Undergrad: 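Structure incoming, see below.
Just so it is clear, the model here is predicted, and its values are computed rather than measured.
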Amino acid sequence: MSYPHLDAYSRLLRGAHEAAVTGRAWPEPPRHLIKASWGRSLAAGVDPEGSGAPLVCDPARIRDMRESHPLQDLLPLLDHTLSGLAGETGHIMIVTDGDGRILWRDGASATLRRADQVGLADGHQWTEGDVGTNGLGTALATGRPVHVYSEEHLMRVLHVWSCSAAPITDPDSGRVIGCVDISGIARTLHPATLALVAATAKLAETQLALRMHERDERLRRRYESLHGRPGILLSPTGRVISGDPAGGLGERVHLDEQSARGPGRRMILRDGTVAQIEPFSDGFLLRATPAAAPQPLTLTFLGAGTPSASFYDRDRPLSLRHAEILTLLALHPHGLTAEQLSFHLYGDAGNPVTIRAEIHRLRAQLGDAIAAKPYRLTCPVEADFLTLRRLLTASDPGALSRAYPGPLLPRSESPEIRRERDELEAQVRACLLREGSPEDLWAYAQTCNGRDDYEVLERLAALPSTDPRSAAARSRLLS
């Protein structure tokens with residue numbers, strides 16, 4: 001922090017906090033990490049006057065959740081590293097799962113009793129969306145170690161607390177599976193505690209990596225005993241272990257629930273080829289199938305209807321956000337990073353974490369049609385707005401008018417998509433006014449923008465009075 005005295009920083013925080021929760025201009029904002037977290041928390045509807053974290057797990061389920069969690073075997077390590085410190089200094093140690101639900105805690109009994117009053121206890125959930133800015137939730141939201149001091153918490157009831165937390169990433173799945181935290185009464189927890197908590201999280205990740213490599217080696221030995229070593233060996237989470245010497249698959253193959261359910265499931269790889277996935281020991285074997293024409297991804301995004309995608313003969317209605325992501329990927333065939341996608345969708349206010357979550361949901365529908373690093377489409381794309389682009393260069397106004405039912409994703413506020421939408425609209429209109437027949441202009445007049453287009457209606461109104469299109473155009477001009 002840039003403030004040498006905590007009293008001075010606390011005074012600044014109290015003023016900034018009061019301004020943030022009342023919607024006034026901030027006299028001086030807190031550090032950027034906290035300002036951004038307050039913004040996310042308030043946008044999620046967190047009440048700054050709330051009483052603490054919600055209880056989301058039946059206490060009877062906690063034991064089963066602990067036993068099935070990958071950090072269960074590492075609890076002695078975490079306990080040995082942090083619990084002694086917590087007990088000696090009057091703090092508590094907390095371990096959550098990847099969703100911010102507290103599974104374990106230990107430490108000073110007096111502090112544990114105070115923790116119970118705000119839900120800093122087993123089965124309570126500490127995400128930013130539930131509790132606002134806090135060490136556990138903000139570490140999970142940002143994916144990095146975080147120290148949250150006193151009035152930096154959004155909820156006033158937590159201003160007597162300070163906490164240092166660090167997320168733990170499973171090297172096998174690549175997902176955050178938990179968070180380790182030291183919490184204490186505000187003035188007794190030194191910010192330097194964060195370094196110890198971060199080192200403990202890294203130590204846990206190292207142990208997880210060692211165990212992962214041991215499992216990989218056992219699986220590799222079974223694979224190498226096969227005659228001819230057919231296929232590519234994958235871990236249960238889709239990591240490529242052996243059989244891909246050229247590295248064409250990258251580090252991981254995305255496995256959705258359908259891919260991993262039963263033998264002989266087909267999936268599309270990042271290079272567009274089709275393969276079959278089969279269970280093998282504790283992992284999977286990926287076998288290439290005879291070459292076949294890659295299936296196109298068909299996108300219907302023009303006009304006021306619900307955006308939809310068709311893939312492998314399955315039509316899927318899409319949310320606006322998923323349609324926006326697919327539009328941007330189709331417009332940038334070489335791919336976009338999460339940061340670039342976030343900027344194109346939200347501008348400077350974007351959050352790459354949100355994009356990664358949306359891509360994960362979208363890949364659950366489309367599988368490996370979307371690749372990562374960077375995010376890109378791996379199959380042929382047949383999109384109505386791309387077809388429209390090609391028709392604009394073909395000097396065929398009849399085909400153009402038939403292909404244009406209306407603007408591209410008219411509800412989208414994405415800066416990039418608005419630019420594309422406005423450009424397509426202007427080019428279609430100019431082409432039809434310049435070269436279009438009355439039939440073409442009438443078709444354009446049925447679109448949401450063409451319906452009240454003065455110049456188009458004037459052209460139609462000039463048709464012979466016996467032409468019903470002339471009467472309709474005159475009626476619209478008078479309305």
Side-chain angles (χ1 to χ4, degrees), residues 63-78 97-98 103 167-178 201-292 294-295 312 359-360 363-364 366-373 378-379:
R63 179 187 295 273
D64 292 337
M65 292 173 63
R66 290 170 176 162
E67 290 179 352
S68 62
H69 197 276
L71 291 179
Q72 167 73 30
D73 294 338
L74 297 183
L75 194 62
L77 172 68
L78 301 175
D97 64 9
L103 298 183
I168 299 174
T169 300
D170 179 13
D172 185 16
S173 65
R175 297 194 298 268
V176 173
I177 58 171
K202 288 297 181 185
L203 182 59
E205 291 174 353
T206 299
Q207 290 297 315
L208 289 169
L210 288 173
R211 298 179 185 200
M212 176 189 74
H213 293 315
E214 290 172 356
R215 293 193 302 271
D216 286 354
E217 186 57 33
R218 290 194 295 270
L219 190 57
R220 189 180 290 109
R221 285 197 296 267
R222 296 190 187 104
Y223 167 77
E224 291 176 350
S225 68
L226 295 175
H227 178 68
R229 300 179 189 174
I232 297 172
L233 179 63
L234 306 179
S235 75
T237 59
R239 282 182 303 102
V240 178
I241 296 176
S242 189
D244 184 28
L249 293 181
E251 295 181 359
R252 186 183 300 277
V253 173
H254 174 71
L255 299 179
D256 57 24
E257 291 184 5
Q258 290 294 326
S259 299
R261 190 184 303 156
R265 292 285 178 180
R266 293 164 63 88
M267 62 186 304
I268 301 174
L269 304 182
R270 59 188 288 180
D271 62 359
T273 60
V274 180
Q276 282 191 328
I277 185 167
E278 299 176 359
F280 172 74
S281 187
D282 297 326
F284 296 97
L285 280 179
L286 198 61
R287 304 174 187 267
T289 60
Q295 289 290 314
Y312 275 91
I359 289 282
H360 178 74
R363 292 179 78 180
L366 301 178
D368 274 8
I370 303 175
K373 296 182 180 180
T378 62
C379 56

Undergrad: Taking all non-hydrogen atoms of both residues into account, name the closest pair between D282 and P236 and its distance.
TA: O-CG, 2.7 Å

Undergrad: Kindly determine whether L233 and F280 satisfy side chain to side chain contact (heavy atoms under 4.5 Å, CB included), including the steps that lead there.
TA: CA-CA 8 Å; L233 179 63; F280 172 74; 3.7 Å; yes

Undergrad: Side chain to side chain contact (heavy atoms under 4.5 Å, CB included) for D97 and M65? Distances and angles first, verdict last.
TA: CA-CA 9 Å; D97 64 9; M65 292 173 63; 4.0 Å; yes

Undergrad: Applying salt bridge (Lys or Arg N to Asp or Glu O under 4.0 Å), can you list everything that pairs with R63, at least two apart in sequence or on another chain?
TA: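 By the salt bridge (Lys or Arg N to Asp or Glu O under 4.0 Å) rule, R63 matches no residue at all.
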
Undergrad: Kindly indicate whether the side chain of I370, heavy atoms from C-beta on, has any atom under 4.5 Å from the side chain of T378.
TA: no

Undergrad: Name all residues meeting the side-chain hydrogen bond (donor to acceptor under 3.5 Å, both in side chains) criterion together with E214; count only those two or more places apart in sequence or in a different chain, and write none if there are none.
TA: none

Undergrad: Listed by chain and number, what are the salt bridge (Lys or Arg N to Asp or Glu O under 4.0 Å) partners of E67, not counting sequence neighbours?
TA: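 Checked E67 against salt bridge (Lys or Arg N to Asp or Glu O under 4.0 Å); zero matches.
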
Undergrad: What pairs with D172 under salt bridge (Lys or Arg N to Asp or Glu O under 4.0 Å), at least two apart in sequence or on another chain?
TA: R215, R239

Undergrad: Got a sec, which residues hit salt bridge (Lys or Arg N to Asp or Glu O under 4.0 Å) with D73, two or more places apart in sequence or on another chain?
TA: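 Salt bridge (Lys or Arg N to Asp or Glu O under 4.0 Å) check on D73 returns R211.
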
Undergrad: Of the non-hydrogen atoms in P171 and L208, which two are nearest, and what is the gap between them?
TA: CD-CB, 3.7 Å

Undergrad: Can you sort out the partners of T206 under side-chain hydrogen bond (donor to acceptor under 3.5 Å, both in side chains), two or more places apart, ordered by chain and number?
TA: none

Undergrad: Output all residues satisfying side-chain hydrogen bond (donor to acceptor under 3.5 Å, both in side chains) with R218, sequence neighbours left out; order by chain, then residue number.
TA: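 side-chain hydrogen bond (donor to acceptor under 3.5 Å, both in side chains) check on R218 returns nothing, list empty.
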
Undergrad: Could you check whether any side-chain heavy atom of D170 comes within less than 4.5 Å of a side-chain heavy atom of R175, counting everything from C-beta outward?
TA: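 Side-chain contact under 4.5 Å: no.
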
Undergrad: Any idea which heavy atoms bring P70 and I177 closest together, and the distance?
TA: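 For P70 and I177, the tightest heavy-atom pair comes out as CG-CD1, 3.7 Å.
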
Undergrad: Give the minimum heavy-atom separation between I277 and L234, together with the two atoms involved.
TA: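 Of all heavy-atom pairs spanning I277 and L234, the closest is CD1-CD1, 4.2 Å.
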
Undergrad: Applying side chain to side chain contact (heavy atoms under 4.5 Å, CB included), can you list everything that pairs with V176, at least two apart in sequence or on another chain?
TA: L140, P167, T169

Undergrad: Is any side-chain heavy atom of M212 closer than 4.5 Å to one of L210?
TA: no

Undergrad: Compare every heavy atom of A204 with every heavy atom of I168, then report the nearest pair and how far apart it is.
TA: CD1-CB, 4.1 Å

Undergrad: Tell me if a side-chain donor or acceptor on H69 pairs with a main-chain N or O of L103 at a distance below 3.5 Å.
TA: no

Undergrad: For side chain to side chain contact (heavy atoms under 4.5 Å, CB included), just list the numbers for L285 and R287, CA-CA rounded to whole Å, side-chain angles, deciding distance to a tenth of an Å, and then say yes or no.
TA: CA-CA 6 Å; L285 280 179; R287 304 174 187 267; 3.5 Å; yes

Undergrad: Which pair of heavy atoms, one from I232 and one from G243, lies closest together, and at what distance?
TA: CG1-O, 3.3 Å

Undergrad: With distance as the sole test, does R252 use its side chain to make a donor-acceptor pair with the main-chain N or O of T237 at under 3.5 Å?
TA: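 Flag set: sc R252 to bb T237 pair under 3.5 Å.
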
Undergrad: For a quick check under 3.5 Å, do S242 and R220 share a side-chain donor-acceptor pair by atom type?
TA: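 Result is no, nothing qualifies.
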
Undergrad: Go through the steps for E224 and R221 under the test salt bridge (Lys or Arg N to Asp or Glu O under 4.0 Å), then give the verdict.
TA: CA-CA 5 Å; E224 291 176 350; R221 285 197 296 267; over 6 Å; no

Undergrad: State, yes or no, whether a side-chain contact exists between F284 and V253 at a heavy-atom distance under 4.5 Å.
TA: no

